Every structure is written in structure tokens, then in C-alpha cells.
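Read through the structure below, which is laid out as C-alpha cells, and then see the notes.
Sequence positions, counted from 1, serve as the residue numbers for this chain. Bear in mind that the values here come from a model prediction, so they are computed numbers and not experimental data.
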Amino acid sequence: MPSPALPHRSDSVWPVAIIGAGKIGRSLAAMLTATGDYRVTLADRDEAALAAASRPGVETRVIDVSDEKALAAFLAGKTAVLSAAPFFLTGPIARAAKAAGTHYFDLTEDVASTKLVKDLADGAETLFAPQCGLAPGFVSVAAHDLVTRFDALDTLTLRVGALPRYPTNALKYNLTWSTDGLINEYCNPCEAVVDGVPTLVQPLEGYETFSLDGVDYEAFNTSGGLGSLAETLDGKVRNLRYLTARYPGHRDIMRMLLTDLGLRDRRDLMRDVMETAVAATRQDTVLIFITASGTRGDAREEMSSIFKVAAQEVDGETWSAIQLTTSSGICAALDLVRNGRLPRSGFLRQETIPLDAMLENRFGKVYAQGRVAALPSRTRPRAAA
């Protein structure tokens with residue numbers, strides 16, 4: 001097993017590679033370069049995408065990710081690689097990272113890809129940290145913090161939505177991130193815990209509605225958002241679900257397209273339909289609404305953790321909320337490893353990251369600023385006699 005490329009001093013400049021020059025890859029490069037603590041090389045096979053992503057201080061490299069030998073050679077000398085590539089490229093990138101002795105971080109929501117990364121992490125001398133974005137990612141960090149406030153946990157529900165601020169179409173939705181990832185989570189079976197038993201539930205089911213600050217939402221099962229949380233809480237929670245939040249009416253239209261019209265089995269066509277008919281937007285809001293119920297002392301109690309992050313202008317450039325939250329999650333994880341706050345080998349479960357460490361981090365402050373309600377003390381009060 002090769003050693004990491006450079007000594008792990010927190011005061012040294014870390015050379016890192018970012019794979020994927022899309023919206024998230026560009027924001028990752030901008031965030032890390034701005035600190036002066038990371039020397040960034042952005043890699044993609046698409047020369048036009050790299051040209052569009054070019055910015056001062058960021059090197060670019062054209063590379064075919066499917067060529068694992070060439071990719072491993074490129075990663076040699078890099079302390080870490082951050083994958084902002086589609087989930088189906090997770091395998092080649094993670095294997096090349098292991099061959100190069102490079103720390104590995106990704107944003108995937110794909111369950112099978114994460115299991116592959118976990119297998120690669122077994123016995124590794126470097127860190128393998130998948131699912132470092134928003135959901136999975138930060139939502140698991142915030143949810144686990146909520147769990148620690150209970151003596152016994154009954155129900156935990158995670159709801160996350162990247163929503164347009166000004167919806168105008170029938171879907172009440174605009175594209176804000178990977179269309180492939182969106183379709184993947186709408187079509188694949190969803191991990192859950194029901195009556196204490198880990199199980200798979202169907203996407204687009206488990207429908208519920210809720211209101212926050214006078215705005216109505218709907219939520220339903222989608223795949224991948226739990227990350228490793230179901231495994232971590234095995235035997236400790238009776239009911240655990242991950243739901244995607246949307247404006248009312250969205251779920252029924254998507255179910256008609258995917259199920260009634262059969263586009264679930266024609267995902268390339270579904271992607272073309274979405275990318276042709278649904279406009280992208282940078283004017284979005286990310287909503288995180290987590291509820292937990294259980295016992296504290298002798299009392300039954302329910303608590304919620306809520307975050308709302310809006311699109312922002314950074315150095316004259318408008319960054320969407322999904323760019324900010326996704327990029328902040330993986331950059332904070334990398335930064336906490338660099339600063340010695342997280343392990344530097346093996347497999348990292350997102351929920352093992354302390355929420356306070358995440359929110360205090362220079363990248364995690366995006367979430368800290370979007371925190372809506374403070375949580376009560378972890379002290380367990382006894383019920384009144």
C-alpha cells in the first residue's frame with residue numbers, strides 16, 4: 001500500500017485534484033483555492049467544460065477517468081482527490097485513489113457505489129470518505145447530533161429539498177444539480193428502518209405534507225439520502241426514513257412520467273426530457289427539516305433541526321444554494337481531515353463528524369448561517385411528578 005503523497009502537516013499547502021468540471025466541481029475549485037491552503041487541479045475529459053471552469057490559481061487537466069492507470073498516475077503526488085463526477089464513475093476514481101495512496105472524497109448518493117468505496121477502504125492507509133455533500137452528507141451529521149439528545153430513540157425522519165425560489169412550471173421545480181443523480185434517486189429502492197427492521201421501500205411513496213413559515217411542502221421517499229445512517233443506528237431506532245421535499249404536486253407528475261409512462265426503464269430518455277423541458281436556476285433554496293422523537297429522562301419528546309440556505313453572490317458570481325451546500329459539505333470534511341479533526345485512514349461515516357466541528361469550520365459556516373432554530377440542551381430533564 002503506497003503512503004499518502006505528502007506529509008500531513010496542517011500548515012502545509014495540500015495539492016488536491018477535483019474530478020469533474022461541472023457546477024459543483026467549479027465551486028469546489030473556487031472555495032478551496034480562495035483559502036490559499038490548497039493547490040487545486042481540476043480534471044475532466046471535456047476540454048470545453050475545463051475552459052469554462054478556468055479561474056486564476058486553478059490548474060486544469062484533460063483526462064479520461066475511465067483509464068484507471070492514467071488516473072492513478074495523475075493522482076500520484078496529490079494528497080486528496082474530490083470526485084464531483086457522476087455516480088457511475090465512482091469505481092474507477094476510488095480505485096485509482098487507492099492505487100495512488102490518495103485520500104478519497106465524493107458526493108455520491110448511489111448505494112452500490114458507496115459499498116464499493118467501503119470495501120476499498122478496508123485496510124487502507126488513506127481515508128475513504130464517500131457521501132460528503134448535502135444528502136447524504138451534512139444531513140446525516142445534523143441528524144446524528146439530534147439523536148444524541150435522546151436517551152432512547154423512536155422515530156427519525158430526514159427531509160431535504162433543493163427548491164426554486166420562484167417556481168413557474170407545473171412541476172414547481174427547476175434543475176439545480178445532476179439530472180442523472182435526480183433520476184437515480186427517484187427510481188432506485190430506498191433504505192429505511194420500519195418497526196425496527198432495516199428494509200427497502202419504494203421511491204415516490206411514503207407521501208406526507210408539512211408547512212414551515214407559512215409555505216406548504218410535500219415529501220416522499222427517495223434513494224440514497226440516508227448514507228450509512230441506517231447501519232449506524234441499527235437496533236437503536238424503530239422508524240427511520242429519508243424524504244425529498246418539494247412543492248405540492250411535483251410527486252404526482254413525476255410518478256406519472258416514471259411509472260405510468262414507463263420512463264423509469266428509459267432513463268436516458270427521461271434525462272433528455274428533463275434537460276430539454278425544465279430550465280435550470282441559480283435562484284434556489286435548500287431546506288433541511290429533520291424530526292426525531294423518543295424519550296429524554298422519563299418524558300417523551302420530539303425535537304426538530306431546521307436549516308435553510310439560499311443562493312448567494314460570492315466574489316461577484318451567483319452560486320446556487322445546492323452548489324453552496326454540496327460544496328461546503330465536502331470541503332469541510334477535507335478541511336477537518338487536514339486539521340487533524342477527523343481520521344486519516346479507513347472508511348469515514350458522515351454521521352461520525354461532530355456537528356459543532358462542521359458548523360465552526362470555515363466552509364461549514366454556510367450551514368451555521370442557515371440554522372433556523374437552536375436545539376435544547378443535551379441535559380436530560382426528568383418529567384415533573
* To do: Mind checking side chain to side chain donor-acceptor pair (under 3.5 Å) for T35 and listing every partner two or more places apart, or none if nothing turns up?
  => none

* Who are the side chain to side chain donor-acceptor pair (under 3.5 Å) partners of S83, not counting sequence neighbours? -> none

* Asked: Quick one: ring pair (Phe, Tyr, Trp, His ring centres under 6.0 Å) partners of Y242, sequence neighbours excluded?
  -> none

* side chain to side chain donor-acceptor pair (under 3.5 Å) partners of R282, counting only residues at least two apart -> none

* Asked: Can you pull the salt bridge (Lys or Arg N to Asp or Glu O under 4.0 Å) pairs that have at least one residue in residues 260-273, sequence neighbours excluded?
  -> D180-R271, D268-R271

* **Pairwise ring-ring contact (aromatic ring centres under 6.0 Å, His included) hits with a residue in residues 66-101, at least two apart** => none

* **Cluster overlap L158 with I353, hydrophobic side-chain contacts below 4.5 Å** => yes

* Give the intermediate values and the outcome of salt bridge (Lys or Arg N to Asp or Glu O under 4.0 Å) for residues E218 and R251. => CA-CA 8 Å; E218 65 181 19; R251 192 282 302 258; 5.8 Å; no

* **Counterpart residues, side chain to side chain contact (heavy atoms under 4.5 Å, CB included), relative to K172 (two or more places apart)** => P167, Y247

* So which pairs with a foot in residues 191-206 pass salt bridge (Lys or Arg N to Asp or Glu O under 4.0 Å), sequence neighbours left out? -> D195-R238, E205-R255

* Test salt bridge (Lys or Arg N to Asp or Glu O under 4.0 Å) on R159 and E208 and set out the steps. => CA-CA 11 Å; R159 308 169 187 87; E208 66 172 39; 2.4 Å; yes

* CA sep, side-chain torsions, deciding dist, call: D110, T90, side-chain contact (heavy atoms from CB on, under 4.5 Å) -> CA-CA 9 Å; D110 185 67; T90 297; over 6 Å; no

* To do: Can you run down the salt bridge (Lys or Arg N to Asp or Glu O under 4.0 Å) pairs that involve residues 12-21, sequence neighbours left out, and say none if there aren't any?
  => none

* Asked: Applying the 4.5 Å side-chain criterion to the ILVMFWY set and letting contacts propagate, would L171 and L261 be lumped into a single cluster?
  -> yes

* Hey, does Q283 have a side-chain heavy atom less than 4.5 Å from the side chain of P164? -> no

* Count the heavy atoms belonging to other residues, nucleotides or ligands that lie under 6.0 Å from CD of E317, then report whether that count exceeds 12. => yes

* Asked: Among all residues two or more places apart in sequence or in another chain, which pass the side chain to side chain donor-acceptor pair (under 3.5 Å) test with R362?
  -> D37, D335

* To do: Return the set of residues passing ring pair (Phe, Tyr, Trp, His ring centres under 6.0 Å) with F210 (not counting sequence neighbours), or none when no residue passes.
  => Y217, F289

* Pairs in or reaching into residues 305-334: which pass ring-ring contact (aromatic ring centres under 6.0 Å, His included), with residues at least two apart or in two chains? -> F138-F307

* Asked: Any side-chain heavy atom of V194 within less than 4.5 Å of one from N239?
  -> yes

* Full working for side-chain contact (heavy atoms from CB on, under 4.5 Å) between T176 and T281 -> CA-CA 6 Å; T176 58; T281 187; 4.0 Å; yes

